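Note that this is a predicted model, so its numbers are computed, not measured. Here is the naming used below: chain letters follow the sequence lines, and residue numbers restart at 1 for every chain.
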Amino acid sequence: MSYVALFGNPNTGKTSLFNCLTGSYEYVGNWSGVTVEKKVGVLRQHGVPVVDLPGIYSLQPLSRDEGVATDFLLTEPCSAIVNIVDASQLQRNLHLTVQLLEFGRPLIIALNMVDVAEKRGIKIDAVKLSRHLGVPVVPVIARTGKGAKELERAILSAKDGHHSRMFIDYGVEVERAIRRIAEQLPDDVPGDKRWMALQFLEGNERLAAYLRDHFDLSPLLAIRKETEQALGCQAAKHIYETRDRWISETIAAAAIEFKPKPLTLTEKVDAVVTNRYVGLPIFLALMYIVFMLTFNWLGTPLADQLDTFFSGPLTDWLSRLLDWAGASPFIEALVLDGIVAGVGGVLVFVPQIFILFFFISLLEDSGYMARVAMVMDRLMEAIGLNGKAFIPMIIGFGCNVPGVMAARTIEQPKERLLTMLLLPFMSCSARLPVYALFAGTFFIHEQALVVFSLYVLGIVVALGLAKLFSSTVFKNESSLFVIELPPYRVPQALTLWRSTWEKGKGFVRKAGTFIFGGSVAIWLLTYVGPHGVGVPMDDSLLAAIGGLIAPLLAPLGFGAWQAGAALITGFLAKEVVVSTMNIIYHVREANGLEQMIAAHFTPLSALSFMVFVLLYTPCLATVATIRKETGSWKWTLLSIGIALTVAYMISFLVYQVGMMFHFQ
Amino acid sequence: MVLTDLHKGETAVVVRLAVEHEALKQRLLHLGVKEGKMVRVKAAMPFGGPVMVEVDGQAIGLRRKEASSIEVK
Ligand SMILES: Nc1nc2c(ncn2[C@@H]2O[C@H](COP(=O)(O)OP(=O)(O)O)[C@@H](O)[C@H]2O)c(=O)[nH]1
Ligand SMILES: [Mg+2]
């Protein structure tokens, strides 16, 4: 299988183009580091596999996601490379282009963002550029799909064909070094030998590691040293400068218009949101508005309506249908008390979750995300992280799994690890049903305030632990921060809807699979007991299981088996806590659940319970992702261990202190 | 003079990138911060936070410490 691979600088529209070409809906966003792993798709109607890769500036990776792209070149066969070039940033984009041309595979340039370039006063003649580089250049606007057809044609005809004869003369010393290195290389290296020699001279660590597996590097290192002595500077610097000059000439030859001017919209917005005094307050205010819309102004009324529908008309209708079909009481109970209660109990929160996802998508697509990272950097530096760690955290509010993945863009291994370990404290959307249920029952008037405090508690705990770790375990490790701030883009309705749906789909799908299955299993556990079937709930297997840990939880204020059972099942996915409660306390009428819960909890124990659910353990999917991303069970188990300990301590404090002050 | 000596809105030419951290230096080069380039300071975050500079129409955020090792004139 030989791929067509998409390479380009970060945030140049690779994924947008990939989606156009393959009809997929991969994750698009306006900041660097959206795509952190390779994604495979198929060119429509032609069956050609296409792969989308994380963005890179050069083939020398600085972070984990960038490594993915370099590794791809070194280890996977590709029939053609599509290099996406941002027309508004040609100079820096072409540095990568040169390296890819030297690699020596058929290459097609997709000249993207021509609309942005034009606004900035830059117009490029694609034909002239093509002549200069010796490869096809196709102007496109990946965002709207303009030019995708032409690009597809160019790919199909260039695939497996010739590669460019573009040649940069790096001067006597370097050229001699290239020849000497190339002589030493075995014949089966990936890519052109000249390319490999140049990358080695530039100090590409990834490549050096690859070569070291095959043979002894010391003669090559000696050549590099001699060359650098002859040049009087680092080979990398010399090579970079030679390329830079070549690129300037190329642009001068190919540009029709080149009078760069700033983008006015971006200038105006930045003057406000990155303002010294109001930057941070604006961010906090925006978060508050999003929060209120989700929980108070818009989300809650919608969720209530859905709830009324599920427990009223839907239940009636289903029960009539089951009667009509002659279903046995067992089946009827399974469907109505198990599935409708369990799955429906979670689905009612779909409106709130979609509203939250909508705003996260808006944040991602506008270009504000990178600004937030910059505005937060000072605070993050104080606790031993960097501003970029804030991006995974915001994504984590939607779902922790992509949050953990997004940590790949953090360059320093220590900062990345710490971010991943603490990410589960970000209150993901799956925890939202639990808050909505409990806060909606006990804190009707203070609901938004209570839930807001929980979100803040999660952040405070994560930041506090980060400080603790970085001043103990990870002491003495340097921290660094540099971030590109892309131009703002007015989000498009379609993109926005798509990325909201792509996120929300996971939640709905989980309801249809995981939670459906879980609900059936949980209901069966309530139906079966150690001493027979159809037993009263308190004699069921679920009661026995929940009862095992109940005594442990008693000091936290919720020592009933029901709470224990809900928490154990909640490890699968946090929404299952609500499903389980729905099944256990199920009464077939509207508002039944809230009354039952009010009978089993006090406001204080409900608060303590919510705190525990917020902190207690990452869900199964997050654990699996942390394991995969850290590559270590030790850190994964540590993450669970910290979470359990912290949850227990804080819930204990909440409940005991509350009791002391007779707050019920 | 170094980059952090510039006030908001001021422009200068980079003379030397004296950044210690090699990876960071590479990244800055690839973002277009290099000798001979015009840089403009667009904003500075409070409490010694990052500065925001612009090179070739590309805005970049970097920490004060690194910014102060970029010599300009
Ligand atoms: N104006 C404009 N925006 C684009 C174009 N192509 C992509 N974008 C936007 O650029 C951002 C980055 O796109 P993405 O596909 O995630 O880039 P990647 O990081 O290279 O994969 C998104 O906000 C896109 O909507 C284009 O041709 N014109
Ligand atoms: Mg991408």
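With sequence neighbours left out, the ring pair (Phe, Tyr, Trp, His ring centres under 6.0 Å) criterion links A/H238 to no other residue. Evaluation of the side chain to side chain donor-acceptor pair (under 3.5 Å) rule for A/Q91 yields A/D244, A/S248 as partners, not counting sequence neighbours.
In this structure, chain A has no heavy atom under 4.5 Å from any part of B/K65. Interface residue B/L28: only side-chain heavy atoms are found under 4.5 Å from chain A.
The side-chain heavy atoms of B/P46 and A/Y277, taken from C-beta on, include no pair separated by under 4.5 Å. Side-chain contact check for A/Q234 versus B/E22: some heavy-atom pair is nearer than 4.5 Å. Taking 4.5 Å as the limit, every side-chain heavy atom of A/V482 sits out of range of all side-chain heavy atoms of B/E66.
Heavy-atom pairs under 4.5 Å with chain B were tallied for A/M376, A/H95, A/E381, A/K261; the largest tally goes to A/E381. Contact tally against chain A (heavy-atom pairs below 4.5 Å) for B/H21, B/K8, B/R64, B/E35: the top residue is B/H21. Among A/S58, A/G279, A/G387, the residue with the largest count of heavy-atom pairs under 4.5 Å with chain B is A/S58. For the set B/L24, B/L62, B/L31, the count of heavy-atom pairs under 4.5 angstrom toward chain A peaks at B/L31. Interface check for chain B: of the options A/N386, A/L62, A/L280, A/V375, the most heavy-atom pairs under 4.5 Å are formed by A/L62.
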Review point. Between B/E54 and A/E267, is a side chain to side chain contact (heavy atoms under 4.5 Å, CB included) present by the stated rule, with each step listed?
Key: CA-CA 11 Å; B/E54 189 186 87; A/E267 293 281 311; 3.3 Å; yes
Practice item. Decide side chain to side chain contact (heavy atoms under 4.5 Å, CB included) for A/E411 and B/R27; before the verdict, give the C-alpha distance in whole Å, the side-chain angles of both, and the deciding distance to 0.1 Å. Key: CA-CA 11 Å; A/E411 295 90 351; B/R27 175 54 34 98; 3.9 Å; yes
Practice item. Step by step, work out the salt bridge (charged side-chain N to carboxylate O under 4.0 Å, His left out) result for B/R63 and A/D377. Key: CA-CA 8 Å; B/R63 285 195 176 149; A/D377 181 64; 2.8 Å; yes
Point to revise | Working for side chain to side chain contact (heavy atoms under 4.5 Å, CB included), residues A/R276 and B/M45 | key: CA-CA 5 Å; A/R276 212 178 153 75; B/M45 299 297 119; over 6 Å; no
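The neighbour count for B/K37 NZ, taken as heavy atoms of other residues, nucleotides or ligands under 6.0 Å away, is above 12.
Between A/Y57 and B/H30, the angle of the ring planes stays under 30°, which puts this pair in the parallel group of the 30/60° scheme.
Distance alone, capped at 3.5 Å, places no donor-acceptor pair between the A/Q60 side chain and the B/Q26 backbone.
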